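Report on the structure given below.
So you know, we letter chains A, B, ... as the sequences are listed, proteins then strands, and number each from 1. Predicted, not measured: the structure shown is a model, and the values here were computed from it.
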Amino acid sequence: MPELPEVETTRRGIEPHVAGRCVTAVQVRDGRLRWPVPAELGEVLRGQRIEAVQRRAKYLLLRTQAGTLIVHLGMSGSLRLVAADSAAGRHDHVDIVLDSGIALRLRDPRRFGALLWTCGEPFEHARLRDLGPEPLDAEQFNGNYLYARSRGRRQALKNFLMDAHTVVGVGNIYASEALHAAGLRPSLAAGRVSRLRYERLVASVREVLQRAIAAGGTTLRDFVDGDGQPGYFAQQLRVYGRTHQPCPVCGTPIRQLRLGQRSSFYCPRCQK
DNA sequence: ACTGGATCCTGACTGC
DNA sequence: TGCAGTCAGGATCCAG
């Protein structure tokens, strides 16, 4: 599910209801996520005030005095604001109950998501410390950076773009969309793409992500924001999931291929 | 160091 | 209707 726009949509949705509130209870119905939910989570979170809700890559960070709760939504996760006493569904694995009577409810059918706790600086956590730059950070993420980083790499451009060491937050949907917007074929060898074309790619990544955030993200199946509403960017997708349908720019049928075990979509005319 | 493949899990969908 | 196979927004781990 969630790439950067969906995680950022979630962050913006929950922040006003979560920041400044105190945790009164943590209910773990099923702690079997990507990694087991820490057994001491209820212990350490209870009574803590959530001071800020931040995002790094596809992780959400709920900061407290005692430490930080790190949330990843995996492929099918969502975080919603619900009344604390509302009935939980089959895949509603964890509730963080707040003193407002609202609970932050983690639903994750496939259980690829994670809840991690760190007492230290979250950016130094093993899961976060080696991540590449944020795509919306113009200082760190620019054409020169991608050009320099890609030299000598034979990897397909799309896989290079989806590697969180290269840049974070760009998953399977937005990689395909950004490459289409930049006119670049996903199968190009990353190391043979020119500096100018990387400049274009950076601009496209940024533009696509920002439009997706503005639309509240993309809902293919599971994604809902903090209020349970889907995102509407699916209506604006130009190539993702549109095999054999006409390219919205030139009308040529969209092609699908597999790169790194992921479906990839492109227009053979617009993307060279 | 880089790359591709297998893997975790559940659910939806397709074709026989 | 049932059953097997395929695929799905992510990221880690491992072998070559």
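In this structure, A:H91 NE2 and A:R111 CZ are separated by 8.5 Å, a value rounded to the nearest 0.5 Å.
With contacts defined as side-chain heavy-atom distances shorter than 4.5 Å, the pair A:R197/A:L184 qualifies. Contact annotation: the side chain of A:F123 approaches that of A:L61 to within less than 4.5 Å [non-hydrogen atoms, C-beta and beyond].
OP1 and OP2 of B:dC9 both lie 4.0 Å or more from every side-chain N or O belonging to A:S76. Between C:dG10 and A:R262, a contact under 4.0 Å exists linking OP1 or OP2 to a side-chain N or O. An OP1 or OP2 oxygen of C:dT12 is reached within less than 4.0 angstrom by a side-chain nitrogen or oxygen of A:R127. Regarding contacts with the backbone of B:dT10, a side-chain N or O of A:R111 is found under 4.0 angstrom from either OP1 or OP2. For A:Y240 and C:dG9, the shortest distance from a side-chain N or O to OP1 or OP2 is below 4.0 Å. Contact between the side-chain N/O atoms of A:R34 and the OP1/OP2 oxygens of C:dA11 is not found at any separation under 4.0 Å. Residue A:H72 places no side-chain N or O under 4.0 Å from the OP1 or OP2 atom of C:dG10.
Comparing B:dT10, C:dG10, C:dG9 by their closest approach to the side chain of A:F223 singles out C:dG9. Side-chain atoms of A:R258 lie closest to C:dA8 of the nucleotides C:dA8, C:dG10, B:dT3.
Side-chain atoms of A:R110 come within donor-acceptor range of the base of B:dC9, with a qualifying N/O pair under 3.5 Å.
Note on A:R80 versus A:D225: no salt bridge recorded, every NZ/NE/NH1/NH2 to OD/OE distance being 4.0 Å or above.
When each of A:F265 and A:W35 is assigned the nucleotide of DNA chain C with its nearest heavy atom, A:F265 is the one assigned upstream, toward the 5' end.
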